[in-house]
Amino acid sequence: MNTLQDYKYINFPTTKNEEWKYTSFKEVLALDFNLKSNSLLQLNDLKLDFLHQKNDFFLIFINGEYQENISTVNSKSFTIYRNNLEEFSKNKHLFEKYKTYNQDGFLEISDTQTSNQVFIKIFPNQIVENPIYIYYFNDSTVGNSFVNPQISVLVGENSEAIFVENFSKKGNNISFTNSIIEFVLNENSNINYYKILNEGNETNHVGTTQVNQNGKSVFSSTTLVLTGNIIRNNLNISLNMEYCETHLFGLSLLTDETHVDNHTVVDHAKPNCESNELYKAILDKKSSSVFNNKIFVRQNAQKTNAYQSSKNILLSNDASANSKPQLEIWADDVKCSHGHATGQLNKEHVFYLKSRGIGEKDAMKMLTQAYAQDILNSIKIESLKHYCENEIAKRFLL
Amino acid sequence: MLKIKNLQAKIGDKEILKGLNLEVNPGEVHAIMGPNGAGKSTLASVLSGRSDYEVTGGSVEFLGKDLLELAPEIRAREGLFLAFQYPIEIPGVSTTNFMKSAVNEVRKHKGLDPLDAVSFLKLMKEKMAYVNIEQSLLSRSLNEGFSGGEKKRNEIFQMAMLDPKLAILDETDSGLDIDALRIVAGGVNKLRSKENGILVVTHYQRLLDYIVPDYVHVLYKGRIVKSGTKELAMELEEKGYDFIKTELGETV
């Protein structure tokens, strides 16, 4: 079995790197990890973590490897190719040119583990009738476990689909998930994408989502972080043709010592595209968050609309939030805005509810839910939205 | 039910209440009047438990308990209600949504079972009629985009829902036109009973045309300097607050 120590030549980014200023995996990566640990997990061991409804599709990954036998993906609208290098290589060029935004050690180690690659092809003119859930299980039963799942999704023109990524940890050793999912959206296609991180506080995560949009395509994403040790989400959007739309939402509800770093890049390469970003964080105890958003508006990307906003609420004196907006604009006829705010729950709001007989904890719960609601409203799958609402409600019952 | 003795309070370094005495018995409506800066809103805030104010002396007894020892939510559950002078907006929280928790907290405090959805809705419908408020308004974010009248009607609606022993109306007439004032006052009058006390804090006499008080007190420089019946309010309206100052021997 390979271990991470076998790849000592790989340099993982440190806080000296501007893009990693607030997020350090140094201590974690000093430990040794198995790559592709053995796992004895069976379908029955996984069911508690399921979020999907009857008839929804689901793919299961265990320690980075796609588990075809226990996944449910029969559809006329799409096909999944596993380790089918011929089919993948035929389409590889579509994905390849976009791997430029975060070229770092995490991508490098991922490239050494290519036998795990899965390629999902959604045929043109299809509306995938049910959401596609992707469950990633990191099983550290036999030792610290570092896994590298990789998925490439090609969305045919005029097609629509919903993806949900959910990450779970099994076993008592330390887990590290370094996942990559990349999308190519052909003309007029529409993807809703949800990423849920709620796998407990002993988990480390670097996830990269690369999205390449062709003309008139729409991509909407919601990234929800509830628990974890150190988490880095890279979300890179490239608007390559005219009249694309992208909507990026994020909610981090953090406590203990969880650290979340949401890095997004939206690259407006062509005119008449719109991007919209709203990230919120609610931070308790010693948790911390980073929101780093970069928008490029290239020289000929006239009539671009690009908006970004992040809002943070600190519930404790030991919590912290860093927001860093970056706009690089070379075109002159564009509308861009950014706004970032960090504060506390409004004391007047808390007092008003208390003056009606509602206890402090309940008042805070109500106000926090209200604060999170506009992000939760971006979740179009009702059952998933309820799950998230319940998870938030549970926080305040402790 | 409410006994305020020699109450002193400050905000920051500024002393506002400087030895206030007041007693309200069940069934009584008391009006507290006074010029701007006399301490009217401070009194309402201190009674409801707002933490910006520091009580530096005196005592407040409410239904036999030391009110000042109780957290704001416990005061509410014990039967104290404050209708806010400036009802705030809370995005994402609807009146219906938090009133259900509020009503059930009060019931729990009294040892009653929580209301089920049907009984709660029934109670809402009944109390909505008191102040002529629409269900749709109560399902929206609290006070967001409400008119001044709607905000105050919402306050009185909440008062009706919680059925308090003692209601404090803080400048409930401010920002209301005459029609809204009638509706709001009408709602309050429906809630008057032999068991309940009401403390009306107001700058102007006009609210007292609709909510007729049993007693009127003039608050000035942090103390009650004159008490009387509703005629005192008329006299104030006629002569202005300067006449109090003259009576106290101050030069105007």
Side-chain angles (χ1 to χ4, degrees), chain A residues 222 224 249-251 253 278-282 309-313 315 317 339 341-379 385-386 388-397, chain B residues 44-53 70-110 140-144 151 154-155 157-164 167-168 170:
Chain A
T222 305
L224 186 78
F249 297 98
L251 176 66
L253 180 64
L278 176 60
Y279 272 70
K280 286 187 172 182
I282 300 158
S309 166
S310 82
K311 293 178 181 172
N312 305 303
I313 283 199
L315 300 177
N317 289 334
T342 299
Q344 295 175 317
L345 275 184
N346 188 318
K347 280 185 185 143
E348 286 295 306
H349 293 180
V350 177
F351 178 70
Y352 190 93
L353 294 175
K354 282 164 85 172
S355 79
R356 289 342 184 205
I358 296 168
E360 173 130 359
K361 277 228 145 176
D362 284 333
M364 285 173 70
K365 174 175 145 188
M366 266 180 209
L367 293 170
T368 307
Q369 278 178 320
Y371 181 78
Q373 199 59 47
D374 52 353
I375 304 292
L376 297 180
N377 286 345
S378 72
I379 302 175
K385 187 170 153 187
H386 285 151
C388 297
E389 284 170 344
N390 284 337
E391 286 301 306
I392 292 174
K394 270 203 262 175
R395 259 315 151 75
F396 294 90
L397 294 175
Chain B
S45 293
V46 167
L47 293 179
S48 62
R50 198 185 277 276
S51 61
D52 312 346
Y53 297 88
L70 305 177
E73 61 270 32
I74 308 296
R75 298 181 195 198
R77 293 173 200 169
E78 286 281 335
L80 187 93
F81 182 88
L82 171 69
F84 282 64
Q85 180 178 6
Y86 303 111
I88 52 165
E89 298 179 5
I90 307 185
V93 177
S94 72
T95 310
T96 311
N97 168 316
F98 78 81
M99 277 319 282
K100 189 157 187 191
S101 302
V103 166
N104 284 332
E105 285 293 350
V106 171
R107 289 179 64 88
K108 194 164 125 195
H109 195 72
K110 290 180 182 164
R140 278 165 43 186
S141 283
L142 177 68
N143 290 330
E144 227 176 31
K151 287 180 184 176
N154 192 356
E155 293 291 293
F157 163 74
Q158 293 176 38
M159 172 180 162
M161 290 293 287
L162 295 173
D163 191 21
I168 304 163
D170 188 7

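Chain naming here is simple, since letters A, B, ... match the order of the sequence lines and numbering starts at 1 in each. All of these numbers come straight from a predicted model, not from anything done at the bench.
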- Message: Is there a side-chain contact between Ser51(B) and Phe351(A) in this structure, where contact means two heavy atoms from C-beta onward sitting under 4.5 Å apart?
- Response: no
- Message: Show the nearest heavy-atom pair for residues Ser355(A) and Ala76(B), with the distance to one decimal.
- Response: O-CB, 3.3 Å
- Query: side-chain contact (heavy atoms from CB on, under 4.5 Å) with Ile90(B): which of Val350(A), Asn346(A), Leu367(A)?
  - Reply: Leu367(A)
- Item | Phe98(B) portion near chain A, given a 4.5 angstrom heavy-atom threshold | both
- Message: In the structure I gave you, are the side-chain heavy atoms of Arg50(B) and Lys347(A) within less than 4.5 Å of one another anywhere?
- Response: no
- Of the backbone (N, CA, C, O) and the side chain (C-beta and beyond), which part of Ile74(B) lies under 4.5 Å from a heavy atom of chain A, both, or neither? neither
- Non-hydrogen atoms of chain B under 4.5 Å away: do they reach the side chain of Glu348(A), the backbone, both or neither? both
- Note on the structure: Of His109(B), Gln158(B), Glu105(B), Arg75(B), the largest count of non-hydrogen pairs under 4.5 angstrom with chain A goes to Gln158(B)
- Does atom CD of Glu360(A) have more than 12 heavy-atom neighbours, drawn from other residues, nucleotides or ligands, at distances under 6.0 Å? no
- Does Lys151(B) NZ have over 12 foreign heavy atoms under 6.0 Å away? yes
- Task: Rounded to the nearest 0.5 Å, what's the gap from CG on Asn97(B) to CD on Gln369(A)? Could you check?
- Result: 8.5 Å
- Quick one: closest heavy-atom pair of Arg356(A) and Ala102(B), and the distance? O-CB, 3.2 Å
- Item | Pro91(B) and His349(A), any side-chain heavy atoms less than 4.5 Å apart | yes
- Could you check whether the rings of Tyr352(A) and Phe84(B) sit parallel, tilted or perpendicular, using 30° and 60° as the cut-offs? tilted
- Working to the nearest 0.5 Å, report the span between CG of Asp362(A) and CG of Asn104(B). 11.0 Å
- Task: Could you look at Glu89(B) and say if it's the side chain, the backbone, both or neither that has a heavy atom under 4.5 Å from chain A?
- Result: backbone
- If you count the non-hydrogen atoms of other residues, nucleotides and ligands that lie under 6.0 Å from CG in Asn390(A), is the total more than 12? yes
- Nearest heavy-atom pair of Met366(A) and Ser101(B): which atoms, and what distance? CE-OG, 3.1 Å
- Query: How many angstroms lie between atom CD1 of Ile358(A) and atom CE of Met99(B), to the nearest 0.5 angstrom?
  - Reply: 8.0 Å
